[in-house]
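Below is one structure; the comments refer to it alone.
All values below were derived from every heavy atom in this structure, side-chain atoms included, with hydrogens, water molecules and symmetry-related copies excluded. Just so you know, ligand 1 is whichever comes first in the structure, and atom 1 is the first atom listed for that ligand.
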Amino acid sequence: MEVYMDGTFVPQEEAKVSVFDHGFLYGDGVFEGIRGYNGRIFRLNEHIDRLYDSAKTIDMKIPITKEEFSEIILETVRRNNLKNAYIRPIVTRGIGTMGLDPTHCPKPMVICIAIEWGAMYGDLYEKGLTAVTVAVRRNAPDALPPNVKSMNYLNNILAKIEANYKGGDEAIFLDAQGRISEGSGDNIFIVKNGIIHTPHTLTNLKGITRDVLIEIAESLGIQVKIVELGFFDLYTADEMIVTGTAAEVAPIVKVDGRIIGSGRPGPITKQIMAAFKTITEKEGTPI
Ligand code: PMP
């Protein structure tokens, strides 16, 4: 496997970052998770835009243009002969002094990793996932905005650890006010009486797959409402869905021990999963 690092492609074994890089020292950096299907990169421009927006929020100037970055992503996929790719562009703050001040890091470091990757949840797309709400709250938007896809994923990792102990396939975060926020690596939707509901994106990542789900629902004539959701809405949902680049569109059939709907992926969920598959098969930037 070849990894792009700061201007060149290097073999996997040589793809190493300095211990003085602030990405390593402080989680100071941003990244994306992108998928390629059948030789096409899905929603590439949207991911690139979000990467640059994340960087701007943490006051980091990515040293290459969006067009150059897109080309690096395509070339990484090409060089590794990937058909169904999972791509990880990363921009770290770069090498600096031991203090945390980013003004002492002269140049951000651009990295791109790409691997072959299929369905993240295996047979659970058919059976449905079990989710648990977790005690740890999603980072507050006035502390570290969850809209920034930063290299600091400890908040999400704490949620995942808790879900593992509680026997959940995925964790569901509440925000500081006790409203449903998102999963550890995906956005959340519930279906109630034929209408899809999802939280606004102040307290979660503005998911690109979330937007795809909303587009699909609109094209199928299913109404989507952006609302505040609590425990009650989760436990009484007819269907539940999480979306993410890695997770894709996945059904949740149990939350905190409560069975959702029939305990199997529901009809609207299945319709959306099928439409998502069709879109990912035909859309995208050719590599
Ligand atoms: N929330 C979090 C915390 C995530 O890490 C992800 C994955 N990027 C998502 C939501 C879903 O975002 P997307 O659909 O853009 O992958």
(request) Could you tell me the residue and atom name of the protein heavy atom closest to atom 8 (N) of ligand 1, and the distance to it rounded to 0.1 Å? (result) K149 NZ, 2.9 Å
(request) Determine whether the side chain, the backbone, both or neither of D186 has a heavy atom under 4.0 Å from any heavy atom of ligand 1. (result) backbone
(message) Is there a polar contact, in the sense of an N or O pair closer than 3.5 Å, between T209 and ligand 1?
(response) yes
(message) Taking 4.0 angstrom as the limit and counting only heavy atoms of G207, give me the atoms of ligand 1 inside it, by number and element.
(response) 12 (O), 13 (P), 14 (O), 15 (O)
(request) State the atoms of ligand 1, each with its element, that fall below the 4.0 Å cut-off from a heavy-atom position in T243. (result) 11 (C)
(message) Regarding ligand 1, does S184 bring an N or O atom to under 3.5 Å of one of the ligand's N or O atoms?
(response) no
(message) In this structure, is the centre-to-centre distance between the rings of F31 and Y153 below 6.0 Å?
(response) yes
(request) Establish, yes or no, whether the cationic atom of R258 lies under 6.0 Å from the six-membered ring centre of Y235 and within 45° of the ring axis. (result) yes
(message) Check this for me - ligand 1, R138, N or O atoms closer than 3.5 angstrom, yes or no?
(response) no
(message) Does only the side chain of E32 get under 4.0 Å from ligand 1, or the backbone, or both, or neither? Count heavy atoms.
(response) neither
(request) Below 4.0 angstrom from a heavy atom of N156, which ligand 1 atoms are there? Numbered from 1 as shown, please. (result) 3 (C)
(request) Run the numbers for me: atoms of ligand 1, each under 4.0 Å from some heavy atom of I208, listed by number. (result) 13 (P), 14 (O), 15 (O)
(message) Please list the nearest protein heavy atom to atom 7 (C) of ligand 1 with its residue and the distance rounded to 0.1 Å.
(response) G185 O, 3.4 Å
(message) Checking side-chain polar atoms at under 3.5 Å, does N152 have a donor or acceptor matched by the opposite partner on S150?
(response) no
(request) Assess R79 against F9: is NZ or CZ under 6.0 Å from the centre of the six-membered ring, and within 45 degrees of the ring's axis? (result) yes
(request) Using distance alone, decide if ligand 1 has a nitrogen or oxygen within less than 3.5 Å of any nitrogen or oxygen in E182. (result) yes
(message) Let's go through R88 and Y86 carefully: what are the C-alpha distance in whole Å and the side-chain angles of both, what is the deciding distance for side chain to side chain donor-acceptor pair (under 3.5 Å) to 0.1 Å, and is it a yes or a no?
(response) CA-CA 7 Å; R88 173 61 58 88; Y86 181 77; 2.8 Å; yes
(request) Measure the distances from the heavy atoms of G33 to every atom of ligand 1 and state whether one is below 4.0 angstrom. (result) no
(message) When you compare the side chains of E170 and S184, does any donor N or O come within less than 3.5 Å of an acceptor on the partner?
(response) yes
(message) Quick one: does any side-chain atom of D28 pair with a main-chain N or O of T92 as donor and acceptor, under 3.5 Å?
(response) no
(message) Between the side chains of R78 and E71, is the shortest nitrogen-to-carboxylate-oxygen separation below 4.0 Å, so that they form an ion pair?
(response) yes
(message) Taking the basic N atoms (NZ, or NE/NH1/NH2) and the acidic carboxylate oxygens, is any pair closer than 4.0 Å for R138 and E182?
(response) yes
(message) Under 4.0 Å from a heavy atom of G244: which atoms of ligand 1 are those, numbered in the order shown and with their elements?
(response) 11 (C), 14 (O), 16 (O)
(message) Contact between ligand 1 and R50 is defined here as a heavy atom of the residue under 4.0 Å from a ligand atom; is it met?
(response) yes
(message) Taking the basic N atoms (NZ, or NE/NH1/NH2) and the acidic carboxylate oxygens, is any pair closer than 4.0 Å for E283 and R43?
(response) yes
(message) Taking distance alone, with N or O pairs closer than 3.5 Å, would you say Y153 contacts ligand 1?
(response) yes
